[in-house]
Structure formats: C-alpha cells, structure tokens
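A quick note: this is a predicted structure, and the numbers were derived from the prediction, not measured. What you see below is based on every heavy atom in this structure, not just the backbone, and it leaves out hydrogens, waters and symmetry mates.
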Amino acid sequence: MTGTSNARTDLSDKPVVDTAIIGAGFAGIGAAIRLRQSGVEDFVLLERDTRPGGTWRDNTYPGAACDIPSRLYSYSFAPNPDWSKTYSGSAEILSYIDTMVADHDLDRRIRYGATVTGVVFDEANGVWECAIADSEPLYARTVVVASGPLSTPGYPDITGIDDFAGKRMHSADWDHDYDFTGKKVGVIGTGASAVQVIPELVRSAAHVSVFQRTPGWVLPRINPSVSERTKKAYARIPLLQSASRAAWFWGHESVALGVVWNSPLTRVVEAVSKISMRTQVKDPWMRRQLTPDFRAGCKRLLMTSAYYPALQEDNCRLITWPIARISEKGVRTVEGVEHQFDALVFATGFEVSKQGTPIPITGRDGRVLGDEWSRGAYAYKSIAVSGYPNLYFTFGPNSGPGHSSALVYMEAQIDAIVMAVTTVLRRRLAVLDVHPAAQADYNADIQRRLEKTTWNSGCKSWYLTEDGFNATMFPGFASQYVAQMRGIDLTRDFTAVALAPDDLEASVTTR
C-alpha cells in the first residue's frame with residue numbers, strides 16, 4: 001500500500017515529538033504516566049481547555065459524583081489511599097487527577113488552549129500532522145486520541161429549544177453564579193446526571209418539575225465515609241488497598257451476569273430495584289410511572305438513594321407527558337399544558353459519537369476515518385484502525401463497560417497503546433498498521449457476541465446507532481477485556497514498515 005504522498009515533506013525545521021496525546025482528562029493523563037514509566041519522555045498533551053480533568057473538570061453540577069467505587073474508579077498504577085467516601089464526588093476525583101499531574105511532573109508537558117482540528121498521516125515521513133486552531137501544526141511519530149466520549153454536552157432534539165427566555169443550562173456546563181433559591185425549575189432528563197442533580201435542586205429551588213421520557217432501573221447507593229484509620233492503613237500497607245480494589249473488581253464482575261446478559265440474575269437485579277422503589281415510593285401510581293418496560297442492563301443502571309425521596313417532596317413534580325415544544329416561558333407537553341419556569345436544566349448527557357470521529361482523521365492514501373465510520377465505529381480491540389498507522393484510541397469502539405469501572409478498561413488500553421508506541425519508536429518504524437483481516441475477524445466476533453446481550457435486546461439507548469449498530473459496549477467481563485488487551489500480538493496482527501537507516505535523522509528533528 002502506498003502512502004498519501006510519494007513526495008517527502010521537509011520537516012527539518014518543524015517540531016516533531018515522539019507522541020502527541022490529544023486530551024488531558026483521565027485517559028490522556030494515564031497514557032502520559034505510563035509512557036514516562038516506559039521510558040518515553042518526548043511527548044506533549046494537547047488540551048483545549050485551560051486545565052486538565054476532562055469530564056470531571058466540566059461536570060461540577062451540585063451532587064456530581066461517580067457511581068463506581070473510588071477504589072475501582074482509579075488507576076492501579078496511581079493508588080490513592082485518601083478517598084473520603086466509598087463513592088467520591090467530582091471535586092475529589094478532579095483533585096485526584098491534579099495529584100497525578102503533579103506527582104508525575106506533567107503540567108509542563110500540557111499545551112493548554114490547544115484545540116486539535118484534525119490529524120493527517122504523512123506516510124513518506126512516518127509522522128502525523130496535528131492541526132491546531134490558531135497555532136502552527138505539531139508533528140508526531142505517534143498519536144493517542146484521548147479526547148474521551150463524554151466531553152461535549154448533548155441537547156435533545158426538541159422544537160423551540162432556543163426560544164426559552166429564562167435561564168438555560170446543561171448539567172455539564174453548570175453556572176454556579178445562578179441562584180436557584182425561590183425559583184421554579186424544569187429539569188429535562190432522568191439519567192445518571194439527572195438523578196444526582198435533582199435532589200440538590202429540590203433542596204434549594206421553590207419548585208422543581210422533572211420531565212421523564214423513559215424511567216431507568218435504580219439501585220440504592222450506600223456511601224459511607226472512609227475512616228482515618230482505614231486511610232492510614234491503606235497508605236502504610238499498599239497491598240491492603242490493592243486487595244480492596246480486587247474485591248470491588250470481582251464483586252462487579254459478578255454483576256455482569258445480571259446486566260450484560262439476560263439471565264436469572266437479571267431478575268435478581270430487577271427485584272432489588274423494585275424492592276428499593278417500594279420502600280421509598282409510597283404512591284402506587286408513581287411506582288408504575290417509575291418502572292421500566294425493558295430488562296435491567298439494557299440502559300445504564302442508575303445508582304442513587306436520594307432520587308426517589310426527592311421526587312416525593314412537596315416542591316417536586318414528576319411529569320411523564322411527552323414534550324411537544326419549548327416555549328418562551330417554559331415547556332409545553334402534548335396534552336396542551338404550558339409549564340412555566342424561571343430556569344431550565346438539561347440533564348441530557350453528551351453527544352456520544354458512534355458513527356463519526358471526534359476530530360477529522362486522514363490516514364493512508366487519503367482515506368478519511370469519519371467516512372469509514374459513517375455507519376458505525378469499529379477498531380481492532382478498541383485501540384487501532386487499519387489504514388491509520390501509529391494512531392491509537394483510548395475508550396475506542398466497543399470498550400464500554402456495563403457493570404464495571406471504565407478505568408479498568410482504559411488502563412488495559414493504555415498499556416497496549418504504550419506497547420505499540422514503544423515498538424514504533426524503538427524499532428524506528430515508519431508504519432505499524434493493523435492487518436485488515438485481523439480487524440475484520442475481531443469485529444465480526446464482537447458483533448456476533450453482542451447479539452446475545454441485553455444492550456441489543458430491543459430497547460433504544462445511547463449505546464446504539466439509529467439503525468441499531470452497537471459501537472459502544474464490550475460483550476463480556478472486564479477480566480476478558482483485560483486479557484484480550486494483554487494478548488495483542490504486534491508481529492501477527494500488524495504490518496511493520498521500517499524507516500530507512502538514515503531517514504529519521506535526515507527528515508525530522510526531535511525536541
């Protein structure tokens with residue numbers, strides 16, 4: 001296969017780094033740490049914002065927290081003995097990210113305000129050209145796309161969404177200067193962020209109306225504080241913290257049997273949810289409104305013990321009539337009622353791309369990845385795509401967990417990516433590209449396995465494209481995912497093309 005151009009671009013006066021990491025959230029920071037630990041020092045993180053943190057920098061709405069235990073929602077190579085609770089809030093998670101940046105001296109390697117607008121592969125030189133808004137391009141031997149799927153707030157397609165004259169905000173773009181005291185507030189959405197922010201709004205606002213399109217399966221979240229004695233024990237005996245993490249890991253693995261596949265354990269999960277609802281919600285009609293009509297696991301499980309009590313407060317109302325449009329004064333539902341508000345809060349998640357790419361990506365022979373992903377994204381084991389050599393994704397296609405921590409999957413991806421990056425650099429490769437057959441075989445197997453999961457059982461969710469293609473979830477246990485990433489064989493499943501012996505020094509200048 002020939003490259004995008006036979007002519008060699010003169011890069012002698014261009015800044016060329018070994019690795020460009022796009023994004024300084026959890027994935028980008030984790031990749032940077034593991035690269036340093038593997039001896040790679042010539043890298044830069046390109047971050048569009050003014051500080052690191054990714055989704056935990058952006059999601060600061062009242063009540064924002066993780067629904068995975070902190071021992072598991074952290075990297076094994078960066079343990080934190082000081083988590084204050086079993087499930088940590090966004091501020092504490094962001095502090096953990098800041099600590100990783102400081103401990104590994106990464107801040108000086110982050111270019112803030114660097115919005116990457118596209119990457120193009122120069123096969124003659126074996127480098128990627130990274131276009132950056134309002135700046136000169138950066139050239140890199142390898143690229144890690146760590147921009148994350150949960151980075152751009154998503155708004156629903158509702159008529160008149162821009163007509164509302166009051167205060168409008170998204171849960172992922174919270175205005176902390178706005179005072180909800182004494183205000184009438186409408187909340188659109190009842191997903192993971194909504195069930196966290198609604199109880200907080202009920203405490204402060206005069207009245208809250210919750211617009212529900214689809215109820216979810218809710219499980220109680222018990223969140224005790226961690227004692228100072230336990231923190232000191234974890235700090236003094238790291239093996240103890242590792243054992244705690246392992247216990248949480250295997251506990252969540254058992255949950256997969258009830259939520260990844262429709263099994264007798266699925267009935268157990270649903271029974272726990274129904275019992276919790278019955279003990280918290282006294283009104284039979286409200287219980288009926290809050291009961292899903294799909295199997296547990298088909299959509300994301302909601303972890304909260306505060307949501308149901310908040311819905312029953314005197315200043316809160318659950319509205320299940322479909323929304324017809326948003327008007328200047330509020331929300332009109334299909335039965336003809338206009339609900340008027342001072343503020344509207346959209347807790348409607350993110351624009352999760354299952355078909356395009358986060359930025360334009362042009363590979364060998366001018367092929368465009370966004371075009372190839374137009375009917376659904378795919379990759380070789382989530383991290384690499386044939387025709388786009390030396391470029392890797394974190395949290396790529398079919399790496400979503402339905403039962404465990406995203407960071408378990410992400411850590412396995414990062415370690416595989418570091419193996420590929422160091423191979424390119426140490427063997428002085430111009431190209432390390434996935435075999436098309438290896439990629440096709442892997443994805444055929446993934447889609448076959450997905451057919452048997454709850455996600456593909458008929459309900460509509462953000463996991464699926466409009467025509468039902470699942471480019472998001474991994475159909476198995478987290479331990480299976482970790483094992484497959486450790487089993488990547490670069491000599492069997494990839495094609496390697498070396499730089500000519502003197503080409504590297506003649507064509508590029510590294511920093």
Side-chain angles (χ1 to χ4, degrees), residues 65-69 72-73 86-87 189-196 198-199 210-223 247-312 318-320 347-349 400-406 408 449-464 468 470 472-480:
C66 186
D67 54 12
I68 292 292
L72 202 53
Y73 196 78
T86 301
Y87 299 88
T190 53
S193 57
V195 300
Q196 293 179 344
I198 287 168
V210 178
F211 291 89
Q212 173 186 277
R213 183 176 63 178
T214 307
W217 289 103
V218 176
L219 295 175
R221 190 185 75 157
I222 301 173
N223 194 22
W248 280 112
F249 174 83
W250 290 109
H252 278 73
E253 283 289 81
S254 67
V255 174
L257 295 170
V259 299
V260 177
W261 303 279
N262 186 4
S263 72
L265 284 177
T266 308
R267 310 290 91 73
V268 174
V269 173
E270 294 172 354
V272 171
S273 178
K274 290 178 179 179
I275 291 170
S276 176
M277 183 194 299
R278 181 170 289 275
T279 59
Q280 293 186 77
V281 180
K282 303 306 179 185
D283 180 19
W285 176 245
M286 178 175 279
R287 289 202 299 267
R288 184 173 179 180
Q289 290 176 304
L290 293 170
T291 301
D293 62 359
F294 52 86
R295 296 262 75 101
C298 192
K299 295 176 183 282
R300 182 175 175 178
L301 295 174
L302 306 176
M303 303 290 293
T304 174
S305 296
Y307 178 55
Y308 286 156
L311 290 179
Q312 296 167 92
L318 178 67
I319 299 173
T320 58
T348 47
H403 66 287
S404 189
S405 170
V408 170
R449 291 163 60 189
L450 279 166
E451 291 176 359
K452 302 176 183 178
T453 64
T454 55
W455 308 309
N456 286 37
S457 62
C459 74
K460 295 184 66 175
S461 72
W462 63 269
Y463 303 147
L464 309 176
N470 192 332
T472 309
M473 308 302 285
F474 177 74
F477 295 99
S479 51
Q480 289 177 303

>> Given 3.5 Å as the limit, does a donor-acceptor pair link the side chain of N223 with the main chain of T86, or not?
In response: yes
> Taking all atoms of both residues into account, what is the closest heavy-atom pair of R221 and A65, and its distance?
Replying inline: NH1-CB, 3.6 Å
>> If you compare all heavy atoms of L301 against all heavy atoms of A296, which two are closest, and at what distance to 0.1 Å?
In response: CD2-CB, 4.3 Å
> Do M473 and N456 have side-chain heavy atoms sitting under 4.5 Å apart?
Replying inline: no
>> On a heavy-atom basis, which atom in A478 and which in V408 lie closest, and how many Å separate them?
In response: CB-CG1, 4.2 Å
>> Counting C-beta onward and ignoring hydrogens, is there a side-chain heavy-atom pair between V272 and L219 closer than 4.5 Å?
In response: yes
> Between Q196 (side chain) and S193 (backbone), is there a donor-acceptor pair under 3.5 Å?
Replying inline: no
> Got a sec, which residues hit ring pair (Phe, Tyr, Trp, His ring centres under 6.0 Å) with F474, two or more places apart in sequence or on another chain?
Replying inline: Y481
>> Can you tell me which residue among K299, R295, M277, K274 is in a side-chain contact (heavy atoms from CB on, under 4.5 Å) with W217?
In response: K274
> Pairs in or reaching into residues 267-299: which pass disulfide (SG to SG under 2.5 Å), with residues at least two apart or in two chains?
Replying inline: C298-C459
> Is there a donor in the side chain of T266 and an acceptor in the side chain of E270, or the other way round, less than 3.5 Å apart?
Replying inline: no
> In chain order, what residues pass the side-chain contact (heavy atoms from CB on, under 4.5 Å) check against V195, with sequence neighbours excluded?
Replying inline: L302, T304, Y307
> Tell me, do L311 and L290 make a side-chain contact under 4.5 Å, heavy atoms counted?
Replying inline: yes
> Sub-3.5 Å donor-acceptor pair from the side chain of S273 to the main-chain atoms of V218, do we have one?
Replying inline: yes
> When you check the side-chain N and O atoms of E253 and S479, is any donor under 3.5 Å from an acceptor?
Replying inline: yes
> Say you draw a straight line from CG of N470 to CZ of R449; how long is it, rounded to the nearest 0.5 Å?
Replying inline: 12.0 Å
> Under a 4.5 Å cut-off applied to non-hydrogen side-chain atoms, are Y87 and M303 in contact?
Replying inline: yes
>> Please tell me whether N262 and R267 have a donor and an acceptor in their side chains that are separated by less than 3.5 angstrom.
In response: yes
>> If I compare all heavy atoms of L265 with all of S254, which pair ends up nearest, and what's the gap?
In response: CD1-O, 4.5 Å
> Just by distance, do the side chain of Q480 and the backbone of P475 share a donor-acceptor pair under 3.5 Å?
Replying inline: no
